[in-house]
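Since the structure comes first, as structure tokens, the remarks are kept for the end.
Numbers restart at 1 for each chain; the letters A, B, ... are given by sequence-line order, proteins then strands.
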Amino acid sequence: MGDNARVASVLEEVADLLELKEDSFFQVRAYRRAAREISALTGDIRDLYVRGHLDQVPGVGKAIRDKVIEVLRTGELQYLKDLQNEFPAGLLQVMQVPDIGPKTAGRLYKELRVTNLQDLRAAAEQHRIRMLKGFGERTEYNILKGIRYLESRQGRMLLGYAYPRGKALEEHMRERGFDLVSLGGSLRRMKETIGDIDILVGSSEAERAMDTFVSYPLTAEVLLRGETKTSIRSQDGVQVDMRVVAPSSFGAALQYFTGSKEHNVKVRTLANELGYKVNEYGVFRSSDGEKVAGETEEDVYDALGMQWVPPEMREDRGEVELARKGQVPRAVTLSDICGDLHTHSEASDGVDTVEAMAAAAEALGYEYLAITDHSRSLTVGNGLSAERLLESMEHVRRVNEDRPGIHLLIGTEVEIDERGGLDYPPKLLEDLDIVVAAVHSRFKMAPEDMTERLVTAVSNENVNVLAHPTGRIIGEREGYSFDMERVMQAAKDNGVAMEVNAFPERLDLSDLHCAMARERGVAISINSDAHNVRQLDHMRYGVATAKRGWVPPEMVLNALPWEALRKHLDI
DNA sequence: GCCGTTTTCGGCCCGACTGTTTTCAGTCG
């Protein structure tokens, strides 16, 4: 874990524990905000500390600054230890149970000595909870259900898992006559992981919309049903929340329902200052309650003197201020992408032929496609020997001649050995159109050695792209440790693009690393790493990740049209 | 605990739904 993540997690835990104290609501918010700002920094917080610039971090004032310094110096925080002594650690688990927040957890602790999930289950089973004032039978039932849910769920799902499911539900509603439908929440913002799927419908037939929603064939359980809001759990365990509003409020509701929460808080605070009130039904003048916007999102932002902000950028990372000035930067979108520079065929560990991949890429409207099969050392990926690579080059050339509709690039995803050397001789690499270099072995080297390894690799004159630079697999393993700043600098110096690998498990670079690359002027290449034709569609997740890092199309290698790319790669 | 083209003090987004209540607090997003 880096310094930023460590400091943020300490502050986050302080906030969690402070919630259990009464009258500390705004303190909790302050700690959470500071934690969020710090984890979203694109530089190292230790650098800011050393230069005495901690105060520049929004949300960090005197008190939190001192605590940050203590964590950076000692790795610990006495204040946190004191809080930990005050409340049992298990109470934080208790608060994870749906419908149990700090107030309820605090009362259960004080009145029933509930200190962890086991205690909570026992108290509910022995009907001790219903004895408390304000609690009843139903609450006990819901608590037991909540505990089961907590134990069964495995955290957040991948964007690539949620997206097709959300789209299918959207389609389900559309096919039944609901035209105003949109995904919302973190799925619309295309975060790398998603908690619940949110869907918004604009319709005057709320009742029929609810019926249509719960009749979705994959519905396993209806969790909640009201007049405007219904939640289901689908058979694959995904919770889906649907909200219905009148068509005239669709834009305001979409803005509200998309979030992020932090973005909305800032927008609404700004609205207050301007004399407006914003809710999911519209923008209202505070003076007379007159509605001034609501039908479209554009109207809502416009009424507040703001530019419309793409959902991927609504994370309160400065976009609200820029939107006010009409200076939201243009970030890359799927339509900017001209081709895919990292894909596999059946020659290595892909399943489809070069012909099929080329046809699929052409169908996507791409101008070009690079076939980059694995190199010889990656035996688990059926890596190509030098001889097989030569054969493959011949094959790709022939397909290229047969398909005038698309330009095929002959490439490789070449292994980077532990000293930064490459898996094929330079002469062979020179003959390829594109070289994508990647680490697939020896992940646990000392950080200094890994940095050297990657710097050496990107300094190799034959390398064009550094594939999945951190090697992380979301939810399974952290990326390898190295100095990202140095590797980015070396990539920039050598004209090498850093990849945003669009595979849902990778999304590597992450949105934050994309922001870091953008600030430092390092080129990005967004690639699907497809191992079959369907996976070419993963491109959208990579593009969204780059967009979340505000990467402009000019910085994206494969947003170059074919002639410009050819010139750049000197082929 | 932070913050200020009104403020160094007094604010800090807003509404739906639930369970347990006769009017609302807590939780959630």
Give me the distance, rounded to whole Å, that separates [N] from [M] when you measure between the [atom1] atoms they each carry.
N      : M      : atom1 : answer
B:dC17 : B:dT23 : C1'   : 16 Å
B:dC2  : B:dT7  : C1'   : 14 Å
B:dT27 : B:dT20 : P     : 14 Å
B:dT21 : B:dG26 : C1'   : 13 Å
B:dC3  : B:dT8  : P     : 16 Å
B:dG10 : B:dG15 : C1'   : 24 Å

Could you check whether A:V244 gets within reach of a base, just the sugar-phosphate, or nothing at all, counting any heavy atom under 4.0 Å? nothing
Would you check if A:E262 and A:E37 make a side-chain contact, meaning some heavy-atom pair closer than 4.5 Å?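 The answer is no, as the side chains (C-beta and beyond) never meet within the 4.5 Å cut-off.
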Within-4.5 Å side-chain heavy-atom neighbours: A:Q535 and A:F503: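 With C-beta onward as the side chain, the pair touches.
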To the nearest 0.5 Å, how far apart are CD1 in A:I524 and CZ in A:R518?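 Between A:I524 CD1 and A:R518 CZ, I get 10.0 Å after rounding to 0.5 Å.
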Counter-base of B:dG26, judged by Watson-Crick or G-U geometry with both distances under 3.5 Å: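 Across all strands, the one nucleotide that pairs with B:dG26 is B:dC17.
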Of the nucleotides B:dG26, B:dG1, B:dC28, which has the atom closest to the A:T104 side chain? B:dG26
Tell me which pairs pass side-chain hydrogen bond (donor to acceptor under 3.5 Å, both in side chains) where either residue lies in residues 180-189 of chain A, with sequence neighbours left out. A:R188-A:T258, A:R188-A:E297, A:R189-A:E315
Does any pair with a residue in residues 271-282 of chain A pass side-chain hydrogen bond (donor to acceptor under 3.5 Å, both in side chains), and if so which ones, sequence neighbours excluded? A:R243-A:E280
I'd like to know if A:D196 pairs up with A:R233 as an ion pair, taking the criterion as any Lys NZ or Arg NE/NH1/NH2 lying under 4.0 Å from an Asp or Glu carboxylate oxygen.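 The answer is no: the pair does not qualify as a salt bridge.
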Send over the distance from [X] [atom1] to [N] [atom2], rounded to a whole Å.
X      : N      : atom1 : atom2 : answer
A:E19  : B:dC28 : CD    : C1'   : 12 Å
A:R189 : B:dG29 : CZ    : P     : 13 Å
A:L83  : B:dG1  : CG    : P     : 10 Å
A:I143 : B:dG26 : CD1   : P     : 15 Å
A:Q239 : B:dC28 : CD    : C1'   : 10 Å
A:L80  : B:dG1  : CG    : P     : 14 Å
A:Y31  : B:dG1  : OH    : C1'   : 7 Å
A:E262 : B:dC12 : CD    : C1'   : 14 Å

Candidates A:E505, A:E478, A:E192 - the one meeting salt bridge (charged side-chain N to carboxylate O under 4.0 Å, His left out) with A:R472: A:E192
Closest nucleotide of DNA chain B for A:I64 versus for A:F257: which of these residues is on the 5' side? A:I64
Which residues share a side-chain contact (heavy atoms from CB on, under 4.5 Å) with A:V10, sequence neighbours left out: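 Once residues adjacent in sequence are excluded, the partners of A:V10 under the side-chain contact (heavy atoms from CB on, under 4.5 Å) criterion are A:V71, A:L77, A:L80.
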Listed pairs under 3.5 Å, donor-acceptor, residues 159-169 of chain A side chains, sequence neighbours left out:
residue : atom : partner : partner atom : Å
A:Y163  : OH   : A:R540  : NH1          : 3.4
A:R165  : NE   : A:D236  : OD2          : 2.8
A:R165  : NH1  : A:Y161  : O            : 3.0
A:K167  : NZ   : A:E170  : OE1          : 3.3

Verify, without hydrogens or angle tests, whether A:R46 (side chain) and A:L72 (backbone) share a donor-acceptor contact under 3.5 angstrom. yes
Readout for nucleotides 13-20 of chain B: B = base within 4.0 Å of protein heavy atom, S = sugar-phosphate only, - = neither; 5' to 3' it is BBSSSSSS
Could you list all N or O pairs between the protein and nucleotides 3-10 of chain B that sit under 3.5 Å apart?
residue : atom : partner : partner atom : Å
B:dC3   : OP1  : A:G59   : N            : 2.8

